[in-house]
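As structure tokens, the structure follows; a few thoughts come after it.
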2 protein chains.
Amino acid sequence: MLDVRRLRLLRDLARLKTIAAVARAHSYSASAVSQQLTLLQREAGVELLARDGRGVRLTPAGAALVAHAETVLAALEAADATLAAARGGLRGMVRIGAFPTAVRTLLPAALASLARDHPGLDLMVSELDPVAMPDALRERVLDVALVHDYDLVPAAPDPTLDATPLLEETVYLAVPAHAGELGLPGAREADWILGTPGTLCHTVALRACEAAGYTPRVRHHVDDFTAVLALVAAGLGVALVPQLGVAEVSAAVRLLPLPIRRRTSTAHRRGAGGHPAVAACAEAVRAATEGYLRGLT
Amino acid sequence: MLDVRRLRLLRDLARLKTIAAVARAHSYSASAVSQQLTLLQREAGVELLARDGRGVRLTPAGAALVAHAETVLAALEAADATLAAARGGLRGMVRIGAFPTAVRTLLPAALASLARDHPGLDLMVSELDPVAMPDALRERVLDVALVHDYDLVPAAPDPTLDATPLLEETVYLAVPAHAGELGLPGAREADWILGTPGTLCHTVALRACEAAGYTPRVRHHVDDFTAVLALVAAGLGVALVPQLGVAEVSAAVRLLPLPIRRRTSTAHRRGAGGHPAVAACAEAVRAATEGYLRGLT
DNA sequence: CATCGAGCATAAGCTCAGCTTACGAAACCC
DNA sequence: GGGTTTCGTAAGCTGAGCTTATGCTCGATG
């Protein structure tokens, strides 16, 4: 019977593409991973990977085995979840990952209700950029995460994670109130305020401009939307801001709704949905979101 | 993450009831099994077993974990199956278990066609009593087995195995031609020819008589149905014989159909259904059965 | 009721799976 | 063509997990 630890390495290889990366993710030496994958191939009796340049790539058989590995690991995660339930339910550490805006808007109420209803839970919040969430979940650094999903960016459906939709917002183009231009095309010649490179916001803004037929002149790199809006109000540039990012609207800023939608979901490792603490967190965030949206209207 | 080897031990404990039996099944010392299960409990953080007299029993949490273990192990078996398919499909050893009658009637044609169509397969047939089949499958002594399922005996649906129905027969009461009695009640005073104790045939005959309101006077213990019919023809007693058991009917034997049905299925470990060799065997047996039945009418 | 055997747990010790570091080869980049 | 990255192999060490030995408890049996 196949060794599950090795299957996990193979699955991670499918995602991380290189043995060295898998080794880093598992805090192993690259040699150890290489050895274990070689042994897995011997067990399997088929070539699972082949050299490709100075790296490796999965053979079709390897990819097929990865699919099975996903189900095996999800089943193990589910087993863990029912054990956690048996262990007395809502106790222990839960690590929640959220993007900065959510930490300000959605999470406070959710955390308060969780702390009140389940005093046995040790909640830990990590502010993280959305792009880093999936990896953090998979590497078991996080248990629950708030993730984004734009139309513009390839949302790569992830077989190792389960996501349940939470809310959908419109994205605005924030421009100084006195500005004359309207909409994305009009911002072609404007100075742009983007997130720091590598963040999802950065990518989305680039893609949006690209779709409008130009590359923006990037002038500032700021992640915090309050700060971004302050810069816009000061007339220093334009920026993309999602609905959640505009808590109080300054009179010096005009918000032009764009046909870009931002969907937010709560995510967890597949199989961990049965974990009572995970389920409680997801539910608390959902309730807090509902409350927050009701408070806005 | 839970250790799969330990989960397997727990699952087998659920079936075999005692640590000692699990140890025997795995060719381990009882101590090793005990240690591993203790470690599994530590990993789980819940009591999974509790002492019960001089044995152990599963706690509810333990039973719940066993259910998850089943799905994990089935997924691993499925992974094995697709690897076998990738390995070039129909090569390697396949061990088939069948009851004696099937070995005579159904299997020859099936084996011939398998050997012809898939020369890479190494077929091994083991004659085994039906009651021993499930264990042999689980312990990986067999890959495919022909199993029985009477209305009379508790067919205990087995979550670790998959069975697909193959054929259904009537069971006859075989009596000497000159005998006057008719049906089961009339055989109350007769001498009975049964299988050796412990076999399924033995149990079924006892149950049938029990249902008719008496315990049979057992005179002979014979498993081979040809031999049984010879004894009946010689006037030495009566016996239960399934349809497959009566190849050629002697004039000295009268067959009275009973309202007892015997269903035969092909079975394999859950998840192994995708194994090309296993699938080919099951299909060959099915085709051979069809041919055999067509030859009878 | 005393004895015996079956089942389980713990202790102590040994072996091998699987990790590490060290090294070499091959491929991309400048 | 050096420098860097990636992978594989060799050699060696450590700990997980096996064994045997021992003791305890429970139930069956004469």
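In what follows, chains are A, B, ... by sequence order, proteins preceding strands, each numbered from 1.
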field: Closest non-hydrogen atom pair between Ile193(A) and Ala239(A), with its separation
entry: O-CB, 3.4 Å
message: Measuring to OP1 and OP2 of dC18(D), would you say a side-chain N or O of Tyr28(B) lies under 4.0 angstrom away?
response: yes
message: Testing the basics here: between Val4(B) and Val4(A), what is the closest heavy-atom pair and its distance to 0.1 Å?
response: CG2-CG2, 3.3 Å
query: Between Ile19(B) (CD1) and dC26(D) (P), how many Å, whole number?
result: 16 Å
message: Between C1' on dC18(D) and CG on Leu39(B), what's the gap in Å once rounded to a whole number?
response: 12 Å
Residue met sooner reading DNA chain C from 5', once Gly55(B) and Ser31(A) are mapped to nucleotides: Gly55(B)
message: Looking at every non-hydrogen atom in both residues, tell me the closest pair between Asp3(A) and Glu43(A) and how far apart they are.
response: N-OE1, 3.5 Å
task: Send over the distance from Leu58(B) CG to dC8(C) P, rounded to a whole Å.
output: 12 Å
- prompt: Does Arg5(B) put a side-chain nitrogen or oxygen below 4.0 Å from OP1 or OP2 of dC18(D)?
  reply: yes
message: Can you work out whether Gln36(A) or Leu13(B) has the more 5'-proximal nearest nucleotide on DNA chain C?
response: Leu13(B)
task: Go through the N and O atoms of the side chain of Ser34(A) and the base of dT9(D), and report whether any donor-acceptor pair is under 3.5 Å.
output: no
statement: Side-chain contact check for Arg54(B): nearest option of dT19(D), dC28(C), dG7(C) is dG7(C)
query: Considering only dC19(C), dT6(D), dG17(D), which nucleotide approaches the side chain of Ala20(A) most closely?
result: dT6(D)
field: Out of dT19(D), dG7(C), dA9(C), whichever nucleotide has its closest atom nearest the side chain of Thr18(B)
entry: dG7(C)
task: Looking only at side-chain atoms of Gln35(B), point me to the closest of dT19(D), dC7(D), dC19(C).
output: dT19(D)
Distance in angstrom units between Leu9(B) CG and dC18(D) C1', rounded: 12 Å
message: Which nucleotide wins on minimum distance to the side chain of Arg24(A), given the candidates dT6(D), dC19(C), dG17(D)?
response: dT6(D)
- line: Residues Asp135(B) and Arg138(B): closest non-hydrogen pair is OD1-NH2, 2.9 Å
task: Give a yes/no answer on whether the side chain of Arg51(A) brings an N or O atom under 4.0 Å of OP1 or OP2 in dA25(C).
output: no
message: On a heavy-atom basis, which atom in Cys281(B) and which in Ile96(B) lie closest, and how many Å separate them?
response: SG-CD1, 4.1 Å
- request: Nearest whole angstrom, please: distance from the P of dT6(D) to the CG of Leu16(A).
  value: 12 Å
task: Report yes or no: is there a donor-acceptor pair, N or O only, under 3.5 Å between the side chain of Ser29(A) and the base of dT21(C)?
output: no
query: In whole Å, what is the span from the CD atom of Glu47(A) to the C1' atom of dC7(D)?
result: 15 Å
task: Take atom CZ of Arg57(B) and atom C1' of dG7(C), then tell me their distance rounded to the nearest Å.
output: 15 Å
- request: Provide, to the nearest angstrom, the distance between the CD atom belonging to Glu43(A) and the C1' atom belonging to dG18(C).
  value: 13 Å
